[in-house]
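To keep things clear, I will list the structure first and then write my remarks on it.
Throughout, protein chains are lettered first and strands after them, A, B, ... in sequence-line order, and every chain is numbered starting at 1.
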Amino acid sequence: MYEIRDNVSKHTNVYDVLKERGFIKQTTHEEEIRELLEKEKVTFYIGFDPTADSLHVGHFMQVIIMMYMQKYGHTPIVLIGAGTAMIGDPSGRTDMRQMMTPETILENGEKFKTTFSRFIDFDGGKAICENNANWLLDLKYVDFIRDIGRHFSVNRMLTAECFKQRLETGLSFLEFNYMLMQGYDFLELYRRYNCKMEFGGDDQWSNILAGVDLVRREEQEQVFGMTFALLTTSEGKKMGKTQKGALWLDAEKTTPYEFYQYWRNVEDADVRTCLSMLTFLPMEEVEELSSLKDAKINHAKEILAFEVTKLVHGEEEANKAQDAARALFAGGGSMDDVPKTVMSAEKFDGEGVGIVTLMAEIKLVPSKGEGFRTIQQGGLSIDGEKVKDTKLMVTKDMFTDGQLLLKKGKKTFHLIELK
RNA sequence: GGAUGGGUGCCCGAGUGGCGAAGGGGCCAGACUGUAAAUCUGGUGCCGACUGGCAUAACACCGCAGGUUCGACUCCUGCUCCAUCCA
């Protein structure tokens, strides 16, 4: 469990804290929300559809919001969307999501739950974990459209931002229903837990409004919604995407070292946003670090990378990742935690192993063809020396203390260790 | 159900008988640098240890299956999926 320190902000109202950090994008009622958060302990919810087997950085932003809310005394409901995942949210998509089997959805949901409990305290009702499969799957079609469907105007839905794109490329009735499902979630949570707010990424705005509306119509009660900026680069591209796909929180899918490197390499222009939204450093410190210029900003990036890695993978892993990065890029330091493969020494007896074969074997390149190309283009070095010959045989005597460091391109390192 | 248009490599997208398929994006590498950006250059089917091999070996040769042809992404037939309009 990660604890947010008290010095994170001078503000006492979490609304001001979130505002200060640049999270808030749209609100249904700004003043009322601020006031409510000031006066009351509020129960709020954020939904997560288990469409993958690990959370990614986009989800993580939402988790951070919940951490802030919890720190300031409010009660988060983590809503696992096993029910809604059966439908698939069309928001911001140009094509339909692939249908998922209930088994995968269930499994993913379980993994989500474990991850959440690393950041949010579920003890003694301080947070609640719910699953909308609990009510959505048992709905009766006719009852549902009579009771809930009647509150939704198709005319209005069609004008909603989230369907705009899909009206051009095609939208099935299945997906069209997503909004009703999500709206209904809010109603259920209001009834069960007196949940008064729904938060989400800015792409969830239409869905959130649907819920706020529905609760008002069904219960004659005012509830609230708020969306948060999506994590984007200064050029508006989504952050947290790597060539391999998303940047996952699960160490199996994205190693702490890779995770660290991602943040170590963000663009100068994005340092501020990242520090502010993804770390709990006090704002003065954020300002100070992000105002560093030229090469000095690397210092800020190092802190960013360390802090975010620490948050996600713990201090020990963060230290290891940092040590490894320093050893590789700055020279010196411990090579213990550099990405590596241990291989048996006999393998390198006699003729040895072809360099390209070796590269492919340790997954430094996806195919041997790529390996040849890399070497031909001068993209590979061994222990700091550029490899010119694609026919190079790697033998035992090339290792120093049983280690050999391969470097592909500028930033990809891999250590081979003999055993 | 009918009519029309369309399915091309990671993505977008050209191509109407010689294509391992233009162009762009992305990605990889080189130069410059600060593990940044921008810019410029090269590369990007697979295999491989080489100026070679492979589509009767594959995830992967232009949606799938046949046919015409010396030769098919290109022509023909059937199927399938998508979009638009009509019912």
Side-chain angles (χ1 to χ4, degrees), chain A residues 93-99 165-172 174-175 232-247 257-275 289-306 308-309 321-333 338-339 351-361 363-382 384-395 405-414:
Chain A
R93 291 207 133 227
T94 51
D95 55 347
M96 190 168 134
R97 284 171 195 274
Q98 223 183 346
M99 289 270 232
Q165 210 173 6
R166 296 303 296 278
L167 283 177
E168 278 163 35
T169 58
L171 176 72
S172 69
L174 171 80
E175 298 173 280
T232 53
T233 67
S234 53
E235 281 154 13
K237 278 191 222 145
K238 261 194 197 166
M239 282 193 93
K241 293 261 178 233
T242 68
Q243 56 285 14
K244 286 187 215 150
L247 194 64
Y257 175 79
E258 284 171 316
F259 190 83
Y260 178 95
Q261 280 301 125
Y262 182 88
W263 302 108
R264 180 63 187 76
N265 282 306
V266 296
E267 294 176 24
D268 292 6
D270 299 323
V271 170
R272 216 192 102 94
T273 322
C274 292
L275 279 171
L289 286 168
S290 48
S291 60
L292 292 171
K293 288 274 176 299
D294 303 320
K296 289 208 184 90
I297 199 155
N298 278 322
H299 176 59
K301 289 185 190 176
E302 202 173 53
I303 291 177
L304 168 68
F306 180 78
V308 184
T309 311
Q322 187 159 60
D323 282 349
R326 283 180 177 164
L328 293 171
F329 290 97
V338 169
E351 278 208 339
V353 180
I355 181 65
V356 176
T357 309
L358 189 62
M359 281 167 88
E361 214 162 291
K363 304 245 161 54
L364 198 58
V365 286
S367 70
K368 287 190 182 175
E370 181 86 30
F372 279 95
R373 226 175 284 136
T374 304
I375 293 174
Q376 274 150 14
Q377 294 181 136
L380 181 78
S381 31
I382 294 181
E385 215 166 299
K386 207 166 255 193
V387 176
K388 298 226 168 71
D389 183 8
T390 53
K391 278 184 269 187
L392 181 76
M393 297 306 283
V394 177
T395 52
L405 183 66
L406 300 186
K407 177 187 174 198
K408 183 192 136 224
K410 270 175 275 206
K411 303 180 197 173
T412 318
F413 292 90
H414 201 106

If I pick the [atom1] atom on [M] and the same atom on [N], what distance separates them, to the nearest angstrom?
N     : M     : atom1 : result
B:C19 : B:C73 : C1'   : 8 Å
B:A38 : B:U44 : C1'   : 23 Å
B:C85 : B:A29 : P     : 47 Å
B:G30 : B:A37 : P     : 14 Å
B:C62 : B:G9  : P     : 9 Å
B:G48 : B:A57 : C1'   : 14 Å
B:C11 : B:C46 : P     : 15 Å
B:U68 : B:G17 : C1'   : 12 Å

Run the numbers on A:Leu289 and A:Val271 for side-chain contact (heavy atoms from CB on, under 4.5 Å), then give the verdict. CA-CA 8 Å; A:Leu289 286 168; A:Val271 170; 5.7 Å; no
Go through B:A49, B:U35, B:G34 for me and flag the one nearest to the A:Thr357 side chain.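 For the A:Thr357 side chain, the nearest candidate turns out to be B:A49.
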Between B:C32, B:A49, B:U35, which one does the side chain of A:Phe329 approach most closely?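 Of the candidates, B:U35 comes closest.
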What nucleic acid atoms does [X] come within less than 4.0 Å of, heavy atoms only: base, sugar-phosphate, or nothing?
X        : value
A:Leu328 : nothing
A:Val365 : nothing
A:Gly354 : base
A:Lys301 : base
A:Ala330 : nothing
A:Leu380 : nothing

Student check: side-chain heavy atoms of [X] and [Y] closer than 4.5 Å:
X        : Y        : result
A:Leu392 : A:Ile382 : yes
A:Tyr257 : A:Leu328 : yes
A:Arg326 : A:Glu302 : yes

N/O (side chain, [X]) to phosphate O (OP1/OP2, [N]) under 4.0 Å:
X        : N     : value
A:Lys368 : B:G48 : yes
A:Arg373 : B:C46 : yes
A:Lys411 : B:A36 : yes

Check: A:Glu370 side chain, B:U44 base, donor-acceptor under 3.5 Å: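 Check fails, no donor-acceptor contact within cut-off.
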Is it the case that the base of B:G42 and the side chain of A:Gln377 share a donor-acceptor contact (distance under 3.5 Å, atom types as modelled)?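 Result: at least one qualifying N/O pair found.
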Using only atom types and a distance under 3.5 Å, with no angle test, would you say the side chain of A:Lys301 pairs donor to acceptor with the backbone of A:Val266?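 Judged by distance alone, yes, a pair lies under 3.5 Å.
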Answer yes or no: is there a donor N or O on one side and an acceptor on the other, between the side chain of A:Asp389 and the main chain of A:Lys391, under 3.5 Å?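 The answer is yes, because a donor-acceptor pair under 3.5 Å joins these two groups.
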Using whole Å, report how far [atom1] of [X] lies from [atom2] of [N].
X        : N     : atom1 : atom2 : answer
A:Ile375 : B:U44 : CD1   : P     : 16 Å
A:Leu364 : B:C28 : CG    : P     : 13 Å
A:Lys410 : B:A37 : NZ    : C1'   : 12 Å
A:Asn298 : B:U35 : CG    : C1'   : 7 Å

Please list, chain by chain and in numerical order, all residues satisfying salt bridge (charged side-chain N to carboxylate O under 4.0 Å, His left out) with A:Arg373, sequence neighbours excluded.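 A:Glu370.
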Relative to the 5' end of RNA chain B, which residue comes earlier, A:Met393 or A:Asp268, by the nucleotide with the nearest heavy atom?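 The answer here is A:Asp268.
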Comparing A:Lys296 and A:Gly378 on RNA chain B - which has the more 5′ nearest nucleotide: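 Closest to the 5' end, via its nearest nucleotide, is A:Gly378.
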Return one dot-bracket line describing RNA chain B 5' to 3' (Watson-Crick or G-U wobble pairs, both distances under 3.5 Å; ( ) same strand, [ ] crossing, | another strand, . none). ((((((((.[[[..)..(....]]]((((((.......))))))(((....)))........[[[[[..)....]]]]]))))))).
Which pair of heavy atoms, one from A:Ala360 and one from A:Lys368, lies closest together, and at what distance?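 Scanning both residues, the minimum pair turns out to be CB-CG, 4.0 Å.
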Output, in order, the C-alpha distance, side-chain angles, deciding distance and verdict of side-chain contact (heavy atoms from CB on, under 4.5 Å) for A:Leu380 and A:Ile355. CA-CA 10 Å; A:Leu380 181 78; A:Ile355 181 65; 3.7 Å; yes
